[in-house]
*Asks:* 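Sharing a structure, written as structure tokens. Questions coming.
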Amino acid sequence: MIPPSAASLRERAARSFAVDPQKISVTQSSASGERSLSTAAQSETTRTVTSRRMTAGPGREKHRSYRGFTAVYSARTGQLLEACWGAMCRP
């Protein structure tokens, strides 16, 4: 399995969160305990995708808009590990 590139995760997040890909940043963090949204994502290398642009909420919350999102993906598989919207994201 070929790990997903930062560009492919940026495009995927742009489609999922309906945000311009040029307004999305992607960073990689190591499994050495760098801070992530949860302890589950701390056990492997991840790519964190973020934007401060307005986006619709998850599931039944699609009628609400949030300023920004953070999504954490496995750097090895590209699986979405967790996501948050607006003020739900911890600093």
Side-chain angles (χ1 to χ4, degrees):
M1 172 183 264
I2 298 172
S5 68
S8 69
L9 289 176
R10 179 180 289 110
E11 289 297 325
R12 187 169 145 196
R15 284 189 309 275
S16 297
F17 293 94
V19 173
D20 179 349
Q22 299 298 322
K23 304 299 181 184
I24 294 175
S25 66
V26 180
T27 57
Q28 184 163 324
S29 49
S30 69
S32 64
E34 286 187 30
R35 189 172 182 177
S36 80
L37 297 174
S38 76
T39 55
Q42 291 177 2
S43 64
E44 66 177 286
T45 302
T46 58
R47 288 195 188 258
T48 301
V49 180
T50 58
S51 178
R52 298 299 302 152
R53 295 294 185 184
M54 296 301 289
T55 185
R60 294 184 213 182
E61 296 291 320
K62 292 215 180 280
H63 65 280
R64 293 189 62 191
S65 292
Y66 295 89
R67 176 152 316 276
F69 71 89
T70 298
V72 179
Y73 297 88
S74 166
R76 183 176 54 83
T77 66
Q79 177 183 358
L80 177 65
L81 301 174
E82 56 195 337
C84 63
W85 288 258
M88 293 183 276
C89 298
R90 290 187 299 177

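Just so it is clear, the model here is predicted, and its values are computed rather than measured. Note that these values count all heavy atoms, side chains included, but never hydrogens, waters or copies made by symmetry. When a residue number appears, it is its place in the shown sequence, counting from 1.
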*Asks:* Membership question, hydrophobic clusters at under 4.5 Å side-chain separation (ILVMFWY): are Y73 and V19 in the same one?
*Replies:* yes
*Asks:* Of all heavy-atom pairs between P3 and A75, which one has the smallest distance, and what is that distance?
*Replies:* CB-O, 3.4 Å
*Asks:* What orientation do W85 and F17 show, parallel under 30°, tilted 30 to 60°, or perpendicular over 60°?
*Replies:* tilted
*Asks:* List the steps, then state whether side-chain hydrogen bond (donor to acceptor under 3.5 Å, both in side chains) holds for E44 with S74.
*Replies:* CA-CA 7 Å; E44 66 177 286; S74 166; 2.6 Å; yes
*Asks:* Say you draw a straight line from CG of L80 to OG1 of T46; how long is it, rounded to the nearest 0.5 Å?
*Replies:* 11.5 Å
*Asks:* Is it true that a side-chain atom of R10 and a backbone atom of I24 form a donor plus acceptor pair closer than 3.5 Å?
*Replies:* yes
*Asks:* Can you tell me if S65 uses its side chain to pair, donor with acceptor, with the backbone of M54 under 3.5 Å?
*Replies:* no
*Asks:* Of all heavy-atom pairs between Y66 and G57, which one has the smallest distance, and what is that distance?
*Replies:* CE1-CA, 3.4 Å
*Asks:* For a 4.5 angstrom cut-off between non-hydrogen side-chain atoms, does S51 reach F69?
*Replies:* yes
*Asks:* Is it true that, when you exclude R53 itself, more than 12 heavy atoms of the residues, nucleotides or ligands shown sit nearer than 6.0 Å to its CZ?
*Replies:* no
*Asks:* Side chain to side chain contact (heavy atoms under 4.5 Å, CB included), that's the test. Do T45 and R76 meet it? Break it down for me.
*Replies:* CA-CA 7 Å; T45 302; R76 183 176 54 83; over 6 Å; no
*Asks:* I'd like to know if M88 and L81 are part of one continuous hydrophobic network [Ile/Leu/Val/Met/Phe/Trp/Tyr, side-chain heavy atoms within less than 4.5 Å].
*Replies:* no
*Asks:* Could you report the tightest heavy-atom contact between P4 and R47, atom names first, then the distance?
*Replies:* O-NE, 3.8 Å
